[in-house]
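Written out below as structure tokens is the structure these notes cover.
The first residue of the sequence shown is numbered 1, and numbering continues consecutively from there.
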Amino acid sequence: AGAAELYEAVLRAQPDQSDALQLFGILHGQSGRLARAAELLSAAVRTQPSHPGARFNLGSTLRRLNRPAEALDHFDKALAVEPAMAEAHFGRANALYDLGRLKEALAGYDRVIGLKPDHLDALMRRAMALQALGQTVQALEGVERVLRSNGSRLDALRLRGTLLAALGRPQEAILGFERALAVDPRDVDSLSNRGNLLSGLGRLDEALASHDAAIAVRPDQPALYVNRGATLEAMKRVADALADYDRALSLQPRLIEAHINRAIALHTLGRPAE
């Protein structure tokens, strides 16, 4: 708040003061006021069009506003001035990922890692790009590299479990999600994914407990009720499963999986017309 007052005072006296515009924009971004941050950073760029830092900060803010094409343009302009700016390469790769240009994003993450081999965020995002491209083994290798540097990084532990499951290694995947839960016992994705895997292995009581724990953390997330409903159906508790599918649809009426599972449950209950 004190910094904001000072930036406002500077800008009252000198509305085009580029450093104040940029720093005040960053401050708004840190406070979650992204639209105002973008306005201030755009003004900073107008005063200094070739300033790579201002371009980078505006690009980062626009990406947070889900405007990746505009963000990409500003990252490119930052890199035209400062080609070795690792964070601008990282921002550019993230914008490409958001745009679905995965191979270009992957090349971008490689550039970041070439500049900063220990850039764990770039290594992590690279693994995500490989996963999205269907290169599951290579993605797992990338995640393992991240975990060798930081063995308690939650997103890496969670992704490792997901990749192991995709590779048909459910026991290892369960252990992977449990490693994630040792870091954060309330991690919803790990709780839900572990529940799905346990259910697939026939460990239904453990699966149900995992789904219950996930819903306790995020009772507003419809997919969690679908997952728990599937486990309840496997336990022959079809009426309870139907209640979960109904709850999911009350939260997200167009959730296809819930409609399909609900129809199957109704058929099982001898209510074919419904």
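Under a 3.5 Å cut-off, the side chain of Arg145 and the backbone N or O of Leu120 do not form any donor-acceptor pair. Without hydrogens or angle criteria, Gln221 side chain to Leu224 main chain gives no donor-acceptor distance under 3.5 Å. Formation of a donor-acceptor pair under 3.5 Å by the Ser199 side chain with backbone atoms of Gly195 is not found in this model.
Considering only heavy atoms from C-beta on, Leu232 stays 4.5 Å or farther from Val238 through its side chain. Residues Val10 and Glu8 have side chains not in contact (no heavy-atom distance under 4.5 Å, counting atoms from C-beta outward). Looking at heavy atoms from C-beta onward, Gln131 lies in side-chain contact with Thr162 at the 4.5 angstrom threshold.
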Side chain to side chain donor-acceptor pair (under 3.5 Å) assessment of Asn57 paired with Gln22: CA-CA 8 Å; Asn57 286 311; Gln22 184 180 180; 2.8 Å; yes
Residue pair Asp118, Lys116: steps toward the salt bridge (charged side-chain N to carboxylate O under 4.0 Å, His left out) verdict: CA-CA 5 Å; Asp118 59 347; Lys116 287 190 173 182; over 6 Å; no
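The structure places NE2 of His211 at 3.5 Å from OG1 of Thr231, a figure rounded to the nearest 0.5 Å. Atom NZ of Lys103 is separated from atom CG of Leu106 by 10.0 Å, given to the nearest 0.5 angstrom.
Residues passing the salt bridge (Lys or Arg N to Asp or Glu O under 4.0 Å) test with Asp110, sequence neighbours excluded: Arg126. Residues meeting the side-chain hydrogen bond (donor to acceptor under 3.5 Å, both in side chains) test with Ser210, sequence neighbours left out: Arg194.
Salt-bridge formation is detected for the pair Arg218/Asp220: a Lys NZ or Arg NE/NH1/NH2 atom is positioned less than 4.0 Å from an Asp or Glu carboxylate oxygen. Ion pair Asp205/Arg203 not flagged as a salt bridge, since none of the NZ, NE, NH1 or NH2 atoms sits closer than 4.0 Å to an Asp/Glu carboxylate oxygen.
No cation-pi contact links Arg125 to Tyr109, judged by a cut-off of 6.0 Å to the six-membered ring centre and 45° from its axis.
Side-chain contact, Asn227 with Ser192: a donor N or O sits under 3.5 Å from an acceptor N or O. Between His89 and Arg111, the side chains place no donor N or O within less than 3.5 Å of an acceptor N or O (distance only, hydrogens not considered).
Residue Ala38 comes nearest to Leu58 through the heavy atom pair O-CD1, 3.8 Å, listed as atom of the first residue, atom of the second, then distance.
Exactly one of His259, Glu233, Glu257 qualifies for a side-chain hydrogen bond (donor to acceptor under 3.5 Å, both in side chains) with Tyr245. That residue is Glu233.
Ring centroid separation for the pair His119 and Phe90 comes in under the 6.0 Å cut-off.
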